[in-house]
Amino acid sequence: MGVVTGVETAGVPLHSQGLLPSGSRIAVFSEIFTVFLVLGTFVGVLVIGYMLYNAYRYRDGDHRTDDADRPVLGELPGDSGGGRKLLFSFSLSAIVVVSLIVWTYGALLDVESVSAQSADADNGVDVRVEGYQFGWRFVYLNGYQSNELRVPADTTVRLSVTSDDVFHNFGIPALRVKMDAIPGQTTETWFVADDPGTYQANCYELCGAGHSFMNAPVVVMEPDEYDAWYGSTTAANESSSANESSDDAEATTA
Amino acid sequence: MTHDRHTETDGGATIDDEFLEPVVVDESEMGLPPMTSVKRWLLTTNHKDVGILYLVTSLFFFVFAGILALLIRLQLWSPGEGILSAVAYNQTVSAHGLLMVFWFISPLAFGFANYVVPLQIGAKDLAFPRLNALSYWLYLFSGLLFLVSFFQGGTLDGGWTMYAPLNIATYTPNIGATTVVLALILFTIGITMSSVNFLTTIHRMRAEGMTLMRLPLFSMSILLTVWMMLFAFAALLAALLILTSDRLLGTSYFAADAGGSILWAHLFWFFGHPEVYIVFFPALGVMAEVFQTFTGRRLVGRKWFVASMVLVAVQSFMVWMHHMFLTSINLPVKTLFMATTIGISLPFDLMVFALIYTLVKGRVRFTTPFLFAFGALVLFILGGITGVFLGAVVLDYEFRGTYWVVAHFHYVMVGGATALFGAIYYWFPKITGRMYDEFLGKVHFAMYFVGFNLLYFPMFLAWETPRRVYEYDIGLTPWHRLATIGAFLLGASFLVMFYNLYRSLSVGESAPANPWEYATTAEWAVSSPPPLENFPGRPSYATGMLSFLTASGTPAVSGGGRTDGGVADAHRLDTQSAHDAHAHHDSHASPWPVVIALGAFLALLGLSALKQGAFPEGVVGMVYGGTALFGSVVLALSLVQFGRESFHTSEPDVAERWPFAGVERTKLGVWIFLASDVVLFGAFIGSYIFIRVAAGWMGWEPVPHDPVPGLVNTYLLLTSSFSVVLALVAAQKRNRTWLVATLSLTFLLGVAFLVNKGLEWVELFHEGVTFSSGVQASTFYLTTGLHAVHVILGLLILGFLIARAVGGAYLDDERPVEYFGLYWHFVDIVWLFLFPLFYIL
């Protein structure tokens with residue numbers, strides 16, 4: 001994939017062997033999600049199937065042959081034993097759940113390690129994201145502001161997210177990045193976009209009447225085009241025209 | 001009246017039906033009008049009546065919030081514009097969530113808890129029946145207050161999580177939004193009373209032989225639920241009181257700067273996560289009972305099941321930050337909360353397996369209650385598996401704010417409600433004395449289960465939809481349409497249920513005492529419906545089997561056992577129990593709970609219009625102000641009448657009381673209440689420290705620049721603690737003059753405290769330091785203000801005690817003075833924390 005991610009910084013050798021999820025956040029999410037989905041479906045079918053089978057097999061019928069000890073009215077609550085079988089199944093499920101979560105923990109460390117990088121690292125792009133009722137403002141290091149986010153492909157984009165007014169949540173679903181926008185605080189996150197194109201950022205925390213429409217275009221450009229564009233921006237020539245930029249993006253994807 | 005019919009239960013429990021006919025006790029003698037009279041339902045304090053009131057009321061709110069849900073689904077039928085405006089959609093979503101979580105699910109469960117728990121543990125009623133009625137009326141009126149909010153320029157539209165600072169008046173200025181917050185406060189007060197009541201009851205009134213570990217699982221689930229409620233709702237109350245102060249008085253906790261936004265998230269989720277288990281535990285208890293009855297097997301691994309529940313209840317207070325993984329909390333904290341989250345999910349695995357293994361070798365009968373309990377378990381398994389996805393933090397980052405979360409928690413919460421719908425069918429014969437129609441019950445289940453999955457499963461498939469948006473990506477349309485169809489099928493299934501239950505009330509077959517083979521718990525050992533005071537004698541499990549003893553301790557009738565000759569005993573029992581009932585003369589009716597709740601309703605309704613401490617100009621303001629004043633007067637007068645009313649309840653002479661055998665009933669109630677008050681003050685003090693740390697601890701100047709008034713007040717309160725001890729000694733020595741003198745001294749010291757405080761505040765106001773002068777002033781006024789309110793409440797009680805002491809009360813029974821002393825000492829101790837925190841540090 002050749003993108004700049006935190007894999008190197010975490011330095012876990014297992015990544016290279018493909019045992020732990022790695023790559024861009026899109027790849028990591030998709031890998032973990034798929035594994036969870038497959039295992040979850042398997043466990044679900046197994047457990048619910050076992051339930052249905054036993055409910056059917058031990059249905060009450062006309063012929064009551066067994067004379068097992070049945071509960072009677074007025075007895076103190078007791079149990080049917082079976083503790084060993086129960087604890088065994090429990091241990092099995094605990095092992096599955098704990099190992100699954102631990103397996104994803106390395107990916108969490110990756111995600112967090114890039115977030116923690118200082119803003120003046122040599123590589124990558126830093127953008128400040130400011131939420132307000134109801135829109136997003138993107139502020140670049142050179143002071144340029146816009147209502148659309150332009151970033152280069154195959155590059156780590158570090159976001160510092162905050163809010164002018166109420167609690168928002170900034171997310172670009174297609175790029176698997178999401179972070180709370182909290183007034184009075186700044187949170188850090190990052191992403192890498194593999195493919196140039198236009199994506200959409202949404203608000204993921206109810207923030208008032210315009211919540212449903214609190215979107216912003218995200219334009220991923222070829223790195224050299226991005227450099228040219230960024231070079232032409234200054235703090236003064238801010239833009240909020242989304243149409244013009246999405247045309248550009250179509251041009252770049254074409 | 002004599003039938004030869006016997007209720008045969010497999011394994012030998014044979015109960016002569018004669019015991020199971022309603023015991024003929026003239027209820028009107030106990031001041032209780034007949035069930036057909038509206039008056040009875042306004043006056044009753046009997047746990048079974050109150051249970052029915054809870055059930056009916058919660059189903060009303062279910063229908064209301066369900067219609068809101070259908071509005072949501074109609075809006076989402078098409079991806080673009082629909083029937084609702086953006087603001088209306090936000091209000092619908094918020095009201096749906098709040099009403100379902102607070103006014104429907106838990107109250108439905110507590111309807112059953114009210115009805116069934118005393119029967120299961122062998123108690124005649126709850127420990128404080130009048131308080132129980134008051135809890136119900138506060139619940140009902142808080143719900144009505146919520147409904148009023150729709151007509152005050154729109155209800156709250158900030159989501160059920162009410163995130164700050166969207167929840168302050170700057171961003172949600174509707175009066176209706178304030179009303180919702182006040183409604184929640186009223187609800188929480190009722191909940192706290194109810195928690196104290198159930199805890200005292202279950203800990204002190206269990207039948208002989210029913211140790212804590214031997215509680216039937218439904219009662220056990222309620223016990224753990226109320227323990228969680230006691231602490232969780234105190235945290236919510238703190239959050240709501242602070243929010244109310246921000247909205248009404250203009251304090252600035254939750255405004256944008258100084259961490260207010262995150263503070264709300266902490267307070268809300270410290271309550272919010274235990275709330276998930278508060279909602280789910282009763283359902284789990286129902287599943288355990290219904291599984292045992294309809295499989296004819298005792299639960300597999302019962303002690304592990306109970307241990308798992310206890311573990312979850314304790315851990316539930318240590319997982320709240322998993323709702324905040326995308327805030328600025330750091331990696332070690334995230335890791336810790338990831339670990340606790342996995343930790344709390346594992347006991348549920350065990351409980352699920354225990355239920356499943358109970359099926360094995362059973363005699364499974366697919367009655368309506370079993371189908372619902374079984375269905376609930378299937379849904380819970382799906383909810384649990386999809387919850388593991390959310391436990392992986394990397395996945396959680398992406399699921400945050402999407403329909404994955406919506407689908408997951410509906411599978412869990414409505415999955416829980418599924419078991420409670422089963423409980424309606426399970427206990428319907430007991431409550432009404434009539435059988436429901438089994439065929440219609442199964443039709444309901446089929447429609448419900450299909451509708452449920454059609455509604456919520458597509459949400460997993462359309463999970464990329466952001467939450468609480470009223471338009472979505474056009475590609476997701478098919479899934480949302482499917483969900484809407486499922487919603488209407490689900491809704492329609494309840495028409496079948498209501499028709500079935502309504503019809504069965506009049507034409508249903510008469511229900512025997514125990515219509516369910518293999519049911520074991522005590523509610524099935526008495527007639528359907530049970531008599532007013534529940535049992536034909538004192539229930540006892542001393543022999544390991546339920547039996548009802550006469551006052552002299554001889555067996556009157558055996559609830560289990562293999563004896564078959566009961567006729568002679570029966571007559572003896574009838575006369576005996578009737579005699580007992582007359583001797584005790586327990587009270588069962590009081591007009592004051594409903595009046596108190598009405599007064600509180602009006603007072604809060606009036607206060608809802610306050611902004612920055614002032615009512616709006618003109619007629620509107622006068623109407624609101626007048627309503628607040630009138631409500632307060634009604635509230636005050638009815639509280640006094642409540643205190644003066646002679647209301648007799650008795651405690652069983654013999655009961656299992658571990659671990660509180662040495663603590664008298666009311667004292668235990670006071671202790672439990674104080675425990676929740678500790679959390680309330682803890683949350684306030686924690687909020688102050690949180691905000692001060694966020695603003696910079698060292699740069700924070702204490703608001704009162706002069707600590708002397710605070711120091712004087714410390715001495716005043718400490719002295720008053722001493723004088724209240726003297727009052728107790730005087731009461732024990734039966735010295736009326738000294739009692740009145742020392743109580744009056746305490747009163748004067750309390751008044752001096754308030755006067756001194758008032759002077760201090762007036763001076764600060766003159767200097768321009770008001771409620772709205774910034775967050776430092778806010779924390780000072782609000783925290784010490786909450787303490788002052790406690791002092792004022794103490795003085796009101798004290799005034800009441802003095803008035804009665806003058807009349808010669810407390811000389812024979814000094815306990816009220818002792819219990820007041822407990823409260824008063826607590827209030828003093830709180831001040832010992834507040835003084836250094838707000839005046840010195």
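Lettering of chains follows the sequences in order, A, B, ..., and the numbering in each one begins at 1.
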> For the pair B/Lys334 and A/Glu112, find out whether any cationic side-chain nitrogen is under 4.0 Å from an anionic carboxylate oxygen.
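Judged by the 4.0 Å cut-off on N to carboxylate O distance, B/Lys334 and A/Glu112 do form a salt bridge.
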> Does the separation of the ring centres of B/Tyr163 and B/Trp264 fall below 6.0 angstrom?
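No; B/Trp264 has its ring centre 6.0 Å or more from that of B/Tyr163.
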> In terms of heavy-atom proximity below 4.5 Å to chain B, should A/Tyr105 be classed as side chain, backbone, both, or neither?
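Answer is side chain: those atoms of A/Tyr105 sit under 4.5 Å from chain B.
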> Could you tell me whether A/Arg158 and A/Asp126 make a salt bridge, using a distance below 4.0 angstrom between a side-chain N and a carboxylate O?
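So A/Arg158 pairs with A/Asp126 through a salt bridge.
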> Taking 4.0 angstrom as the limit, do B/Arg400 and A/Glu205 come out as a salt bridge?
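Yes.
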> Does the Lys NZ or Arg CZ of B/Lys361 fall within the cation-pi geometry relative to A/Tyr58 - under 6.0 Å from the ring centre and within 45° of the axis?
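That pair does not qualify as a cation-pi contact.
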> With A/Arg176 as the cation and A/Phe29 as the aromatic partner, state whether NZ or CZ is under 6.0 Å from the six-membered ring centre and within 45° of the axis.
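Relative to the ring axis of A/Phe29, which defines the angle, A/Arg176 lies inside both limits.
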> Below 4.5 Å, heavy-atom pairs only: which of A/Thr41, A/Leu39, A/Asn169, A/Val43 has the largest tally toward chain B?
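Top option by heavy-atom pairs under 4.5 Å: A/Asn169.
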> Identify which of A/Gly82, A/Gly210, A/Ala209, A/Cys203 forms the greatest number of heavy-atom pairs closer than 4.5 Å to chain B.
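Max contact count across the listed options: A/Ala209.
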> Looking at B/Thr295, B/Leu395, B/Val469, which makes the most heavy-atom pairs under 4.5 Å with chain A?
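With the most close heavy-atom pairs to chain A, the winner is B/Leu395.
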> Between B/Phe380 and B/Phe348, does the ring centroid distance fall short of 6.0 Å?
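So the answer is yes for these two rings.
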> Name the member of B/Asp157, B/Leu382, B/Val394, B/Leu350 that forms the most heavy-atom pairs with chain A at distances under 4.5 Å.
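Ranked by contacts with chain A, first place is B/Leu350.
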> Based on non-hydrogen pairs under 4.5 Å, which of A/Thr187, A/Asn54, A/Val47, A/Leu76 is most in contact with chain B?
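Among A/Thr187, A/Asn54, A/Val47, A/Leu76, the one with the most close pairs to chain B is A/Leu76.
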> Shorter than 4.5 Å, heavy atoms on both sides: which option in A/Gly83, A/Ala55, A/Gly44 has the most such pairs with chain B?
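Looking at each of A/Gly83, A/Ala55, A/Gly44 in turn, A/Ala55 comes out on top.
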> Is B/Leu355 close to chain A through its backbone or its side chain, or both, or neither, when contacts mean heavy atoms under 4.5 Å?
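Interface part for B/Leu355: neither.
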> If you tally heavy-atom pairs under 4.5 Å against chain B, which of A/Ala181, A/Gly208, A/Gly171 wins?
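Winner by heavy-atom pair count: A/Gly208.
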